[in-house]
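Scroll down for the structure; my scribbles are underneath it.
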Number of protein chains: 2
Amino acid sequence: MTSDSLDLLHPDRDALRLTDVLFALSDPERLAIVCQLADGPLDMGQCYLSDPSIPKSTKSHLMKVLREAGVIRNEQAGRGRRLTLRHDDLEARFPGLIGAVLQAAASFQPAEAADRRA
Amino acid sequence: MTSDSLDLLHPDRDALRLTDVLFALSDPERLAIVCQLADGPLDMGQCYLSDPSIPKSTKSHLMKVLREAGVIRNEQAGRGRRLTLRHDDLEARFPGLIGAVLQAAASFQPAEAADRRA
DNA sequence: CCTACTGTTCGAATAATTTCGAACCAATCT
DNA sequence: AGATTGGTTCGAAATTATTCGAACAGTAGG
């Protein structure tokens with residue numbers, strides 16, 4: 001009935017810590033995930049890692065770090081999970097930060113993104 | 001005579017990696033150092049850590065991480081060392097990033113900074 | 001030259017992250 | 001209900017980062 005264990009914990013906007021956010025973004029794999037979410041929410045299955053053979057537990061852990069830092073929201077959606085970049089919360093708390101990171105990342109790793117689309 | 005081993009290695013502007021920069025900034029102690037350098041270069045002795053009892057080897061290592069990520073420059077100056085935030089290089093490579101981080105950090109940890117000034 | 005002063009580097013111990021398989025849980029479909 | 005799909009959590013192993021003392025190196029001053 002009412003959702004039980006699997007609604008995960010998300011920090012409030014006011015509780016976001018800059019160093020935690022920076023740390024979450026400092027891993028190439030996590031940063032790439034964030035870039036994919038910049039255009040809008042995605043189901044977990046639509047979020048691609050650089051290496052497709054990475055097990056789901058590892059992928060889940062990457063999402064956990066991003067979620068606990070307050071970078072993404074991870075909510076149940078049907079059978080799977082919907083991932084959302086917490087753009088508004090980040091922007092409110094750290095103005096200009098996420099935009100600068102996304103722009104820098106976009107002009108940086110376009111090759112990998114293109115590879116994934118191919 | 002000519003400086004020997006102690007001119008440290010600094011990555012070129014073009015070699016700066018976003019994830020390395022974010023990682024370097026993701027530690028509270030290192031971030032605080034960067035904030036102190038925002039107003040201009042400082043000698044190492046003028047850079048304060050949250051805990052004054054931290055040994056110099058640890059402090060040196062914090063600077064090393066910042067330097068190797070390309071966040072600061074560390075050059076010999078007289079008897080000691082002059083630390084400089086590589087603001088121009090960072091801005092050129094990741095427009096808006098360092099400014100957003102500094103602003104977010106400033107509106108975040110003013111208590112600690114005030115303590116140090118007292 | 002010798003000493004004092006500043007920092008860096010090295011090596012080892014500790015702590016924190018990452019990675020992965022296995023077990024588990026919730027939702028959907030038959 | 002049972003089977004399938006999609007993802008989280010747990011626990012252990014491996015990797016990486018941090019911390020600190022000791023040894024070293026460069027500079028300035030006596």
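Throughout, protein chains are lettered first and strands after them, A, B, ... in sequence-line order, and every chain is numbered starting at 1. We use all heavy atoms of the structure for the numbers below, so side chains are in, but hydrogens, waters and symmetry mates are not.
Which of D:dC20, C:dT8, D:dG6 sits closest to the side chain of A:Lys56 comes down to D:dG6. The listed nucleotides are C:dG21, C:dT8, D:dG26; the one nearest the side chain of A:Pro55 is C:dG21. Side-chain atoms of A:Leu8 lie closest to D:dT8 of the nucleotides D:dT8, C:dT18, C:dT28. Among the nucleotides C:dT8, C:dC20, D:dT27, the one closest to the side chain of A:Ile54 is C:dC20. With distances taken from any side-chain atom of B:Phe23 to the nucleotides D:dG21, D:dT8, D:dA17, the minimum falls on D:dA17.
The distance between atom CG of A:Leu49 and atom C1' of D:dG7, rounded to the nearest whole Å, is 13 Å. Here the P atom of nucleotide D:dG26 and the CG atom of B:Asp43 are 20 Å apart, to the nearest Å. At whole-Å resolution of the value, CZ in A:Arg82 and C1' in D:dT8 are 19 Å apart. At whole-Å resolution of the value, CD in A:Glu75 and P in C:dA27 are 15 Å apart. If you take CG of A:Leu62 and P of D:dG7, they are 14 Å apart, rounded to a whole angstrom. To the nearest angstrom, C1' of D:dA12 lies 14 Å from NE2 of A:His61. In this structure, B:Met44 atom CE and C:dT9 atom C1' are separated by 13 Å, rounded to whole Å. Between the NZ atom of A:Lys64 and the P atom of C:dA16 there is a distance of 15 Å, rounded to whole Å.
The residue among A:Gly78 and A:Asp27 whose nearest nucleotide of DNA chain C lies closer to the 5′ end is A:Asp27.
Side-chain nitrogen and oxygen atoms of B:Asn74 include at least one within less than 4.0 Å of the OP1 or OP2 phosphate oxygen of C:dT8. Between A:Arg30 and C:dT18 there is a side-chain polar atom (N or O) within less than 4.0 angstrom of OP1 or OP2. Residue B:Thr58 places at least one side-chain N or O under 4.0 Å from the OP1 or OP2 atom of D:dC20. For D:dG7, the OP1/OP2 oxygens have no side-chain nitrogen or oxygen of A:Gln76 closer than 4.0 Å.
Counting heavy atoms from C-beta outward, A:Met44 and A:Lys56 have side chains that stay 4.5 Å or more apart. Residues A:Asp43 and A:Leu83 fail the side-chain proximity criterion, which asks for heavy atoms closer than 4.5 Å.
Remark: the B:Ser57 side chain and the D:dG21 base include a donor-acceptor N/O pair separated by less than 3.5 Å.
Applying the side-chain contact (heavy atoms from CB on, under 4.5 Å) test between B:Leu37 and each of B:Leu85, B:Thr84, B:Leu102 identifies B:Leu85 as the sole match.
In plain terms, the two heavy atoms of A:Pro11 and A:Leu16 that are nearest each other are CG-CD2, 3.9 Å.
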Q) Going through the distances and angles, do B:Asn74 and B:Arg67 end up as a side chain to side chain donor-acceptor pair (under 3.5 Å)? A) CA-CA 7 Å; B:Asn74 179 345; B:Arg67 172 178 53 82; over 6 Å; no
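Within 4.0 Å (heavy atoms only), A:Arg81 reaches sugar-phosphate atoms of the nucleic acid but no base atom.
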